[in-house]
There are 2 protein chains.
Amino acid sequence: MSRDEVRRRPSNSRASVRRVPGPCARWDDENASFIREILDLVGDKWSVLVIGTLADGAVRYSDLAYAIPGVSQRMLTLTLKQLKRDGLVERTAYPEVPPRVEYQLTPLGTSLLSTVLALADWSATNHAEIRRNRMAYDAG
Amino acid sequence: MSRDEVRRRPSNSRASVRRVPGPCARWDDENASFIREILDLVGDKWSVLVIGTLADGAVRYSDLAYAIPGVSQRMLTLTLKQLKRDGLVERTAYPEVPPRVEYQLTPLGTSLLSTVLALADWSATNHAEIRRNRMAYDAG
DNA sequence: CTGCATCCTTCGGGATACTG
DNA sequence: CAGTATCCCGAAGGATGCAG
């Protein structure tokens, strides 16, 4: 998707009614909620960590809780439930005793993983510069 | 950065002291806060919208407020301040009356833009499937 | 026009206790 | 083991008013 597709003037813009429109187009509600959709997926720390943890294959609930320091049962459960709802992870319950449940990425989830890793690449490349920028800003 | 660099067992792991470690490694605190750093940048709706709006070039404050529906003055100001602190946008104030202030992406901000657009690409490609998944989940 | 300060509400999410 | 249910607090963020 190009930027011009994402950012589009609302059809039959009434901008001039309210004010002189500036040099730039306006995000319409559809695209704003589109952004919201993305952030619901990857704008959340726990989701990212869960997806990253599942990169190697199926992992069971208690191992996820172990692998992700600081996550509460509540948030782990909620995160997994949402990821399953979105079709990013698959849940498999084995009818054993004690019960065993494994989670793994779906192909969709795997494709998201690679995209998120691209973001991690960017961050890894630039976080030193960002830290410098912050220190310079805070010093000035 | 590869996943194995991001996700690394803490040095001299004491995992076996507490419990039998699962099949997967554990995120250490450094990498968890690394994730947090990314999300502070792109996990926020307003930041993403501001960066997207600045894609074409310099935009002044009031035009940003117009271009981004629903943003409050408070959040726009805070978002711009943080983006400036991180060195993603540049602020230029013209000593005129009435005052005029323009914001534009730095090269660093532009590089982040392309990465975020990759995420938008993924979302555009897959959001239909995600919606189907959700509907199927909610129906079942 | 471009903000900053304050109040106030909402709610994400941690802690804890309980269940199949 | 793998969750669910409840309480509760701090932070995010909108609304409003003021200032340079």
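Naming convention: chains lettered A, B, ... in sequence-line order (proteins, then strands); numbering from 1 in each chain.
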Phosphate oxygens OP1/OP2 of D:dA2: is one of them under 4.0 Å from a side-chain N or O of A:Y66? no

Sorted by number, residues from residues 73-81 of chain A placing a heavy atom under 4.0 Å from DNA chain C are A:Q73, A:R74, A:M75

| task | Please say whether more than 12 non-hydrogen atoms of neighbouring residues, nucleotides or ligands are located less than 6.0 Å from CZ in B:R134. | result | yes

Assert: residue with more 5' nearest nucleotide on DNA chain C, out of A:P99 and A:W46, is A:W46

Whole-Å distance, A:R91 CZ to D:dA2 C1', equals 8 Å

Here the distance between atom P of C:dG12 and atom CG of A:D40, to the nearest Å, is 10 Å

For residues 33-43 of chain A, dump all side-chain donor-acceptor pairs below 3.5 Å to protein atoms at least two apart in sequence or in another chain.
residue, atom, partner, partner atom, Å
A:S33, OG, A:D29, O, 3.4
A:S33, OG, A:E30, O, 2.8

Residues at least two apart in sequence or cross-chain that pass salt bridge (charged side-chain N to carboxylate O under 4.0 Å, His left out) with B:E102, listed by chain then number, are B:R100

To the nearest angstrom, the CG-P distance between B:D44 and C:dG12 comes to 15 Å

When rounded to whole Å, the CZ to P distance for the pair B:R100 and C:dC1 reads 13 Å

Under 3.5 Å, which donor-acceptor pairs do the side chains of residues 67-78 of chain B form with other protein atoms, sequence neighbours left out?
residue, atom, partner, partner atom, Å
B:S72, OG, B:M75, N, 3.2
B:T77, OG1, B:Y61, OH, 3.0
B:T77, OG1, B:Q73, O, 2.9

With B:L54 as partner, the option from B:L113, B:L64, B:T106 fulfilling side-chain contact (heavy atoms from CB on, under 4.5 Å) is B:L64

A:R36 atom CZ is separated from D:dA12 atom P, nearest whole Å, by 14 Å

To the nearest angstrom, the CD-P distance between B:Q82 and C:dG3 comes to 16 Å

The bend of the helix from C:dC1-D:dG20 to C:dG20-D:dC1, taken between the axes of its five terminal pairs at each end and rounded to 10°, is 40°

Touch check for B:Y103, heavy atoms < 4.0 angstrom, all strands: base, sugar-phosphate only, or nothing? sugar-phosphate

List the steps and the verdict of side-chain contact (heavy atoms from CB on, under 4.5 Å) for B:L119 and B:T115. CA-CA 7 Å; B:L119 204 61; B:T115 309; over 6 Å; no

Here the gap from B:T53 atom OG1 to B:W46 atom CH2, rounded to the nearest 0.5 Å, amounts to 10.5 Å

5'-most contact on DNA chain D (nearest-nucleotide basis), A:E102 vs B:S72, goes to A:E102

A:L64 CG to D:dC1 P, in whole Å, measures 14 Å

Original post:
Going through the checks in order, is the side-chain contact (heavy atoms from CB on, under 4.5 Å) test met by A:L105 and A:I51?
Top reply: CA-CA 7 Å; A:L105 291 180; A:I51 291 172; 4.3 Å; yes

For B:R91, the salt bridge (charged side-chain N to carboxylate O under 4.0 Å, His left out) test, sequence neighbours excluded, returns none

Whole-Å distance, B:D63 CG to C:dG3 P, equals 13 Å

